[in-house]
Every structure is written in structure tokens, then in C-alpha cells.
2 protein chains.
Amino acid sequence: MRMTARPENVHQTRLLRLLRDEGARSRAELGDVVHLSRSKLAVELDRLVELGLVEPAGLAASRGGRRSNIVRLSRHLRLIGIDIGATSIDVAVTDGGLEILGHVSMPCNVREGPDVVLDHALDLVGKLRGQGLIDEIHGAGIGVPGPVSFREGVPVVPPIMPGWDRFPVREVISQKLGCPVLVDNDVNLMALGEVHAGLARSAEDFLLVKIGTGVGCGIVVDGRIYRGMSGSAGDIGHIRVDDNGPTCVCGNTGCLEAYFSGAALARDALAAARSGRSAFFAQRLEQAGALTALDVADAVAAGDPVGVRMVREGGRRVGQVLAGLISFFNPGLVVIGGGVAGLGHVLLAEIRSVVYRRSPPLATGNLPIVLSELGDTAGVLGATRLISDHIFSAT
Amino acid sequence: MRMTARPENVHQTRLLRLLRDEGARSRAELGDVVHLSRSKLAVELDRLVELGLVEPAGLAASRGGRRSNIVRLSRHLRLIGIDIGATSIDVAVTDGGLEILGHVSMPCNVREGPDVVLDHALDLVGKLRGQGLIDEIHGAGIGVPGPVSFREGVPVVPPIMPGWDRFPVREVISQKLGCPVLVDNDVNLMALGEVHAGLARSAEDFLLVKIGTGVGCGIVVDGRIYRGMSGSAGDIGHIRVDDNGPTCVCGNTGCLEAYFSGAALARDALAAARSGRSAFFAQRLEQAGALTALDVADAVAAGDPVGVRMVREGGRRVGQVLAGLISFFNPGLVVIGGGVAGLGHVLLAEIRSVVYRRSPPLATGNLPIVLSELGDTAGVLGATRLISDHIFSAT
DNA sequence: CGGCTTTGTCTTCTAAGAGGAGAAAGTTTG
DNA sequence: CAAACTTTCTCCTCTTAGAAGACAAAGCCG
């Protein structure tokens, strides 16, 4: 297995990240930014070309003098992002600059276990390869819907992933793909996606709240993922919002997830349909035979009062938890993402209303709370960013 | 004003911190730790001696060869820690190794405003000077009971400190003492104190929960204070624990502080005394004319059931909030400090019970929750640590 | 075409720091 | 007590990273 070359020093690392984040540059511009003498810069760039990470990209138009030599990341670099959700798998391939070249997905229940699920993921990679998008893979990032020991690359006691505990995800995939692999929690990777391409590019400390099948939170401190002592930081789905709430899968009562999540919305919509409180849901149930959070989004869009009330109520609960976390963490930005982004501004308005009322003015005075603009791509993009940061670092 | 010399490069910084944290060392031992050639090490140490930061301290006993030259931080280094609490001021002086040489305090209400309070603090410094403990002051750290713009060294919209908003604390004290000064939130400094001398020495990520007149939390990420976007991180006193709770000074209802804090305990003790529910408190009230949190501690020690119930109830509330924060932050250690440490193990048992029940097992599995062992000194010690880190850094 | 500007390459020079050779100052052993 | 061995410290040399400047190449404009 031929491992891709890695940069050899901190200068090469800086140059690679600059080319990744800001795109192709002339040698002169690079010198201005990294503050290296032109001679030293030339040495390092030549070395990167030799390693196959960087390539010349022709001459720029003259700006009144000699035309400058443009360099860019090698066009042959390929990174894979794999986002394993509770009910679906997304796989994307990007070039070195993290531009998405192809993106495929399929429904898949994570409960089917690591063997089945990872095989599906590899099939999706094969599909992309079949489209001619991949030659050699230089690295892959994988997100899984549960806590991860980042150092070891294995899930640890994941509640919704029976059979995955300590399964060597990194090792297996690294073997199969023949490249370096990193594994992290899917919500952390969504947060990294926002850091790379979303609204969080300028925020040093921010929170990404993902509301999907469950509820989780990615924490970014100083531009880097904060994972906590055992990799379970951001696990906010089971924070108590009310003593007398519904019983959660975790055994406690009143967990946020039991009040508001994809699963809880589907449950409540079904109840509303069966009890006859909502004609909208009753009709949907009859048509489809089942209800999901997507039906709730449609209900809100159609103005169904029961649906709107459900989302308002849920937004209030999320807002209560978020208000506490914002008091504690004082982030510079909060991004709401995940499947329920479709619930859109009704949800956002309710969350904002609670947070701005319940958190200290100093913490909320300059705090944007926004919906993610990345949609499905946040997870896979974050995965490629994670592995890119890794392979663009000196060993 | 003669500013103290600062180290000139990263090697000198490392050497100074090593001498501070590990005590005097021989030149050979230092070389082993910092991985410098003996020649380079000698150059840097000589430079530090020249700057007056380090001094020779004689010869060690032989270990089978030539006797080694011991070096230590200069005996003349003096750092001042000032901890301005809601109702008291503590001032301590330490040597370069942060050993406390003298510690004085006085009651003082922070509401009297910065002019009065800072004058009192300077008086306390004068008192220490009068004891012959101080020659030249090399730096001072100041903690105040509210949010601070750390970069500017000024309090920002502090709720319980009218008149302090944007008062130039750092500038004024730096002028008066003739040395570098840093200002921070008092809870952050307590956390730093624990990092330096307490149980948190080995924990990279931990929380210090201070329960005093109010409730606050110091957040340490990777061994460094996390302050958030606007310096208000850790402001957990106004997190909601119940919709139908007592009204808080902040205007909301059900804040943690309104349930459990020095002020809330005093209020509840008074109510218990007046209503005749507790003979213990009634008697104390008659003797002293007023009740404080200290009386509650005494009641618990004496086994008064009303007092015990108050603390249990309060511990439950603190535990609820803490359970959420631990789910979110996944710290490696939680230290409980502040005035209510006197409530001791009744409080701790209740907090632990709630947290271990309500937080995910992965986050609590390996999580010690302990009482601070530093008492009054945590704040002033953290203040000297803060300024020590600063003046022991290359500019 | 000649002067001016920008870019890239090559050579020279400096300073940081590693590493080794002793000198200095001990202890231990015969 | 002398010789052998250890540990510490100092001095000197050698390597290397990197800056700085000279110069060549390649464009613009009048």
C-alpha cells in the first residue's frame, strides 16, 4: 500500500492549507502571506511539487511586469467523506481544495451493524469510482452517529449503534481504501463542515446544533473541535428539560430528544393523526401508511395548526437547553443544522425568542443564531476537512 | 516606572515555568527536561541570571561526580494576587514559585464602587508591604465578581457591580503598583488556582463550580481558561432550573442562583426562622440579628433537619444544571468551590447523586466530582498564576 | 527600442543550535 | 594515597535554516 506523501515541516503545512483554503496562488503572493524569503519559499514549493502534492498551473496575466507562476494543489488529490447517519449513508469525493466532485447516498439503518453498513459505504465509494471521479484515494474521514474515541478511531458505547462498540472502523476502512482514515462523531464533522465552508468561517468559538433523528451539538473552540475527556462532548440530547416529560429511550424522563427530534416529531404526528386532532396528518397517514419528520415540515409549510404548534413547542424546549449552554459557553455563533432544517424559520424564531429572553445580554448581544446553509453536505465536507487537516500536517 | 525584565525567547519561557512549577533544579536536570544542548542551555540560563529572573543557589550534594550547580527563580520576585469578591477582598503576595508569603483580607461590598474598593485593595497591599514581605512588585493579577474583557482589563456590564462597567481596573492598578497587571473574572482565577495547586493539575479539561454569594463556573480547556466570545463564559447562575421558581434579581424566574447560593440560603434560613419551622435558625436569628450561609453550614453540622433539607434541595438543583453541563462539556474533573464548601459532603453527595443519574455513563464513568481543597487561597493563587504566566512569557 | 516593474533563481552571509573534547570536581576502589 | 571512574560544566567546531541581496527573465509602457 503506497501511502501518500505528507509535508515535511511547518512551512509546507502552512502552504498546503493556504492553497486549500484560498485556492491557487502565485509564488510571490504565497511569499507575502507566509513571510518566507523567496529563496526559502522556492525550496519548500519545489519539495511539495516533488512530493506530488502541488503542481504548477501556468502563468497569470501580467500586472505590469513579469508574469507570475501559479501553483495549486495537485489535481490528482482525492479525499473521501463518509457520513454514516442513523438512517442513511452519504459519501462524497473532493479534490484537495475540498470541492465536491461527486456525492451519493442511500438509506441505511445503522442498527444493521458495522459489517453491513461499512460494506454499503464502500459500495458507494465504488459507485463514485465507477463514475471516473477517483483514481488514487489520499485520505478518508468517517462520521458515525455516536461517541468516538478519536485517537483510536473506534466508536465507544454508542447508544443507538448496537454492535459498533469498539469496532475498529478506522483500521478496517484504512485497509480497504489503502489510505489514512480518521473517525469522528457525525455532529463534530458537521461543525467542521461549517468551519470550512459555512457561516462559521470567521467564528473562533461556535456551536453547531444538529436536530435530526436525535439531537447533538458540535463544539468548536479556537477553530478546532472540542471532544471532551472521553469523546462524548456535545451529547446534549439527554439533557433534562422537564421532570414530567415522556420517557426516553435512555431510560430517564424529560430528555430533550424525547420532546423534540425527528423520532419525537414522527411519534407526535402519528398521535395527532390517530386522535383526529389534525386532518392534515390523518390524510398523510392514510396516503403513506407512516409519518416522518418530513410530514411535519410539510404540515408547517401548509400552515397546519397542529404541526406549527408541535414545532413551536419543540423549538421552545430546544431554546431552553440552548439558553443554558449559551450562558455557559458564550459562543460567537450558533448554527442549527440537521434534517429538521426543513422546519426552517418557525423553529428558528421560537429558538431565538427563548434564547434571547433567557440568556444573559452580554452573551446574546452579538450572537447570531442561524440555519445551516450546507444541508446534506455539511457532514461529508467536514469529514474531508478532518482528513485533509491530518494529511496536510507534518508528521 | 522600571518594568521587570521579561524572557526573550521560548526557551527562557520554558525554563522559567519549569523552575516555577517544579522548583529549583540543577543545570543538568534542566537540560534533560528541555532537550537543549548543554551549551545552549548555559547561554539561556546566563541570560536569565543577567535579567535578574534567575539566580544561582549553591551546589547540590554530589551524586558520584562533580557537584551540580543549582539554579532557582530569583528570591526577590514578588507577585500580588487580588481577589475582589462580592462581599470581601483578599490580597496575597507570593514569590516567583507562587508560594504564598502573606495573605490578608477584609470585608468589603463591591457595590461601593471601584474607587473605594480598589483603594481598600491597595491598602491591603500596603499592609503586606508593611510586614516587610514586598520590595519590588513584579506583577499583579486581579479577580472581580463579574464578566471582564480580558484583553482590555475592564469589567463589562457586570450585574452585581454597579459603577464598575468599563472602569479601567488594569490601567489604574498598573499605575499605582508600577507593574504589569491582568484582570479576569474571579471564578476563572479560582479555576487557575486549581490548575496550579489543586486537584486539577493533571486534568486538561475541567470545570470549577463556585457557589458563593452567586454561582459561577470556570472552564478550563487544554489547561487554559476558556473565556468565550465576550468574556462571559461560565455564567451559569441564571440558567433556568424550574419554570415556577422564585424571581431572581435578573428579572427571570427559576434561575439557579435564586434557588441555591449564599444569598438564597440566607433568605430561606430567615424564612424558616420566622415561620417557626426551624428552632435552630430561630435561635441563631435571635442571637445575631441576621442569618447568613454560614448559619446554614452550622445547621447542617448540627443535624438540623430544615437546614439539611435546604442543602439537599439546593444540591439537587445544582446537580441538575451540572448534569446538563457535563453532558455537553464532558470534563475530566469537576471541582466544587466557593463559600459553600463549608456545606461539605451533604451537598456533594446530593450533587453526585443527581449527576451520576442524569448524565450519560460515558461522560460520568471516569469523572471525579470533588470539593476544592484550596479554600480562600484559590482566587488569589489563580491571580498570581495568571500574571506569572504573562510575565514569564516572551514578549 | 529603452526604461521601468514584477517575478524567479542563485549566491552569500548570519545566527541558532547540536555535538564532541576536554577541564573541573567529585566518589570509589585497590 | 593514588588511580580509576562519574558527573557536571565550558569551550570550540560544524551543520543547517533561513534572510538578504544581486542578478536574470519576462512582462508593461511610451
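A, B, ... follow the sequence lines: proteins, then strands. Residue 1 opens every chain.
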request  = Test side-chain hydrogen bond (donor to acceptor under 3.5 Å, both in side chains) on B:Arg6 and B:Ser393 and set out the steps.
outcome  = CA-CA 7 Å; B:Arg6 299 265 298 271; B:Ser393 296; 5.6 Å; no

key: Residue whose nearest DNA chain C nucleotide is more 5′ - A:Ser68 or A:Ser39   = A:Ser68

query = Do B:Glu55 and B:Arg72 pass the salt bridge (charged side-chain N to carboxylate O under 4.0 Å, His left out) test, and can you show the C-alpha distance, the side-chain angles, and the key distance before you say yes or no?
reply = CA-CA 6 Å; B:Glu55 64 190 13; B:Arg72 67 176 170 215; 2.9 Å; yes

ask   = So among B:Leu189, B:Val220, B:Leu386, which one has a side chain to side chain contact (heavy atoms under 4.5 Å, CB included) with B:Ile225?
value = B:Val220

query = Are more than 12 heavy atoms from other residues, nucleotides or ligands located less than 6.0 Å from atom NE2 of A:His390?
reply = yes

query = First and last nucleotide of DNA chain D touching chain B, 5' to 3', heavy-atom cut-off 4.0 Å?
reply = D:dT6 to D:dC12

message = Are there over 12 heavy-atom neighbours, none belonging to B:Glu8, within less than 6.0 Å of that residue's CD?
response = yes

query = Which part of the nucleic acid, if any, lies within contact of A:Ser37, taking any heavy atom under 4.0 Å across all strands shown: a base, the sugar-phosphate backbone alone, or nothing?
reply = base

note = Note: chain B reaches DNA chain C at heavy-atom distances under 4.0 Å over the stretch, first to last nt, 5' to 3', of C:dG17 to C:dT27

request  = Give the intermediate values and the outcome of ring-ring contact (aromatic ring centres under 6.0 Å, His included) for residues A:Tyr226 and B:Tyr226.
outcome  = CA-CA 12 Å; A:Tyr226 172 84; B:Tyr226 172 82; 8.7 Å; no

request  = Any chance you could measure B:Leu36, atom CG, to B:Leu45, atom CG, to the nearest 0.5 Å?
outcome  = 9.0 Å

ask   = Centre of B:Phe392's six-membered ring, under 6.0 Å away, within 45 degrees of the axis: is that where NZ or CZ of B:Arg17 sits?
value = no

query = For A:Leu77, does its backbone N or O pair with a side-chain atom of A:His138 as donor and acceptor, under 3.5 Å?
reply = no

message = What contact category does A:Arg38 fall into here, base, sugar-phosphate, or nothing, at under 4.0 angstrom with non-hydrogen atoms?
response = base

query = Do any of residues 10-27 of chain B sit with a heavy atom less than 4.0 Å from DNA chain D, and if so which?
reply = B:Arg27

inquiry  = With a sphere of 6.0 Å drawn around CD of A:Gln131, does it hold more than 12 non-hydrogen atoms of other residues, nucleotides or ligands?
reply    = yes

